[in-house]
Amino acid sequence: MFRDRLLALLNNRTSTAVEYKHQNISAVMMRLGLRPIKGYQPELPARADR
């Protein structure tokens, strides 16, 4: 999987951090009218009052 190959290149990054980044990229892609990254649903924006 791409995420596993990417983790090997990134020092000190957790699997969760890489997954969250891909979810954010998917959200931006959808806003631009593109399909999200397969397997990564867009992360909902955090609410400011939390």
Side-chain angles (χ1 to χ4, degrees):
M1 178 181 266
F2 178 76
R3 179 177 47 128
D4 296 328
R5 289 183 287 167
L6 185 59
L7 275 171
L9 298 173
L10 298 173
N11 295 331
N12 302 321
R13 297 286 180 165
T14 65
S15 178
T16 303
V18 172
E19 180 148 346
Y20 187 72
K21 181 174 282 296
H22 280 94
Q23 289 174 327
N24 286 335
I25 293 169
S26 284
V28 171
M29 290 175 70
M30 288 183 69
R31 286 185 181 178
L32 294 173
L34 303 169
R35 291 191 325 236
I37 300 171
K38 185 177 180 180
Y40 292 97
Q41 290 299 316
E43 180 66 29
L44 297 175
R47 290 180 32 189
D49 62 338
R50 287 188 190 179

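For the numbers below, each heavy atom of this structure counts, side chains included, while hydrogens, waters and symmetry mates do not. All values derive from a computational prediction rather than experimental measurement.
Residues that satisfy the side chain to side chain contact (heavy atoms under 4.5 Å, CB included) test with E19, not counting sequence neighbours, are R3, Q23, Y40. Residues forming a side chain to side chain contact (heavy atoms under 4.5 Å, CB included) with V28 (at least two apart in sequence, or on another chain): L32. T14 is linked by a side chain to side chain contact (heavy atoms under 4.5 Å, CB included) to T16, A17, counting only residues two or more places apart in sequence or in another chain.
Tracing side-chain contacts under 4.5 Å through hydrophobic residues (I, L, V, M, F, W, Y), one never reaches L9 starting from V18; they form parts of separate clusters.
A donor-acceptor pair is defined here as one N or O able to donate and one able to accept, closer than 3.5 Å; such a pair exists between the side chain of S26 and the backbone of I37.
A distance of 10.0 Å separates CE in M29 from NE2 in H22, rounded to the nearest 0.5 Å.
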